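Single-structure report; data block below.
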Amino acid sequence: MIDIRGVDKWYGSHQVLRGVDLQVRQGETVCVIGPSGSGKSTLLRTINHLEDINAGSIEVGGELVGYREHRGRLHELRESEACRQRLGIGMVFQQFNLFPHMTVLDNVAFAPIKVKKQDARAAREYGRELLARVGLADKASAYPSKLSGGQQQRVAIARAMAMRPQVMLFDEPTSALDPELVGEVLAVIKDLATTGGITVVVVTHEMGFAREVSDRVIFMDDGRIVEQGTPEDVLVTPRHERTQAFLAAVL
Ligand code: ADP
Ligand code: MG
């Protein structure tokens with residue numbers, strides 16, 4: 001579902017991704033861990049075409065990210081939103097970024113109606129289903145400012161799911177939350193990751209979560225994938241010195 005080959009990314013003279021190779025199967029759940037500044041967010045953002053890359057290639061669902069085929073030829077796709085649309089990628093960030101002037105249900109149904117031109121009634125009905133799935137059926141008419149951070153992040157997840165993505169990317173989805181609200185958000189992500197064929201990539205510092213839900217854990221350092229394997233391999237018996245040092249510092 002995701003096929004990343006030899007990806008380099010530079011910001012000016014600073015190289016932040018160094019020959020990254022990563023393949024993620026459909027339905028797989030991958031957690032990405034590693035120190036701050038190691039390139040985790042940049043990697044997620046390139047998958048979603050929020051950033052261009054300087055070398056290598058990224059395919060999602062068999063299509064080159066950032067390109068569109070027209071009459072047998074590839075044309076560079078400048079509009080990121082169009083690219084994400086086509087590829088069916090949803091993304092959830094540390095900050096929830098809900099539309100403050102819209103109700104919870106309108107936040108969830110907005111993009112399917114405006115961007116996908118879905119029938120408004122059907123979009124709102126599906127929106128209610130998703131709100132029920134994230135445990136917020138009773139908040140459909142509330143405004144975001146009335147919700148806790150954990151509830152807002154669950155709305156953000158429902159909003160991303162409303163576009164029926166094949167791939168969901170989460171960038172430290174619980175890092176902005178008070179500790180007592182982390183569990184409810186992780187439970188929702190776990191539910192998505194373990195049901196249906198959706199492919200999930202989560203950048204997280206929650207090692208217990210990574211151990212519990214991942215099919216595979218990726219450890220990044222200094223723009224490289226240093227080590228990857230099952231949660232046991234990477235989190236319990238890491239082979240690389242850098243992984244060991246990182247885990248010793250966070251656990
Ligand atoms: P992580 O998510 O692992 O903390 P990032 O991918 O955010 O790491 O950042 C990797 C490196 O790229 C860091 O050194 C960071 O300062 C740098 N960086 C990230 N975004 C930008 C940007 N827009 N412009 C310049 N440098 C950036
Ligand atoms: Mg980051």
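Treat the numbers as computed from the prediction; the structure is a model and nothing was measured. Quick note: numbers below take in every heavy atom, side chains included, and nothing from hydrogens, waters or symmetry partners.
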* Asked: If you look only at pairs with a residue in residues 228-251, which of them pass as a ring-ring contact (aromatic ring centres under 6.0 Å, His included), with sequence neighbours excluded?
  -> Phe219-Phe246
* Considering residues at least two apart in sequence or located in another chain, which fulfil the salt bridge (Lys or Arg N to Asp or Glu O under 4.0 Å) criterion with Arg128? -> none
* Asked: Among all residues two or more places apart in sequence or in another chain, which pass the ring pair (Phe, Tyr, Trp, His ring centres under 6.0 Å) test with Tyr11?
  -> none
* Can you list the residues that meet the salt bridge (Lys or Arg N to Asp or Glu O under 4.0 Å) rule with Glu59, with sequence neighbours excluded? -> none
* To do: With sequence neighbours left out, write down each residue that passes ring pair (Phe, Tyr, Trp, His ring centres under 6.0 Å) with Phe110, or none if nothing qualifies.
  => Phe99
* What pairs of residues pass the salt bridge (charged side-chain N to carboxylate O under 4.0 Å, His left out) test when at least one of them lies in residues 107-116, not counting sequence neighbours? -> none
* Asked: Going by the side chain to side chain donor-acceptor pair (under 3.5 Å) test, which pairs reach into residues 118-127, not counting sequence neighbours?
  -> Asp106-Arg124
* Sequence neighbours excluded - side chain to side chain donor-acceptor pair (under 3.5 Å) pairs with any residue from residues 163-180 -> Ser41-Asp171, Glu172-Ser175, Glu172-His205
* Taking side-chain hydrogen bond (donor to acceptor under 3.5 Å, both in side chains) as the test, write out the residues that go with Gln23, two or more places apart. => Asp3
* Asked: Mind checking what makes salt bridge (Lys or Arg N to Asp or Glu O under 4.0 Å) contact with Arg224, not counting sequence neighbours?
  -> none
* Contact list for residues 188-197, test side chain to side chain donor-acceptor pair (under 3.5 Å), sequence neighbours left out -> Arg133-Asp191, Arg133-Thr195, Lys190-Glu212
* Which residues pass the salt bridge (Lys or Arg N to Asp or Glu O under 4.0 Å) test with Asp215, sequence neighbours left out? -> none
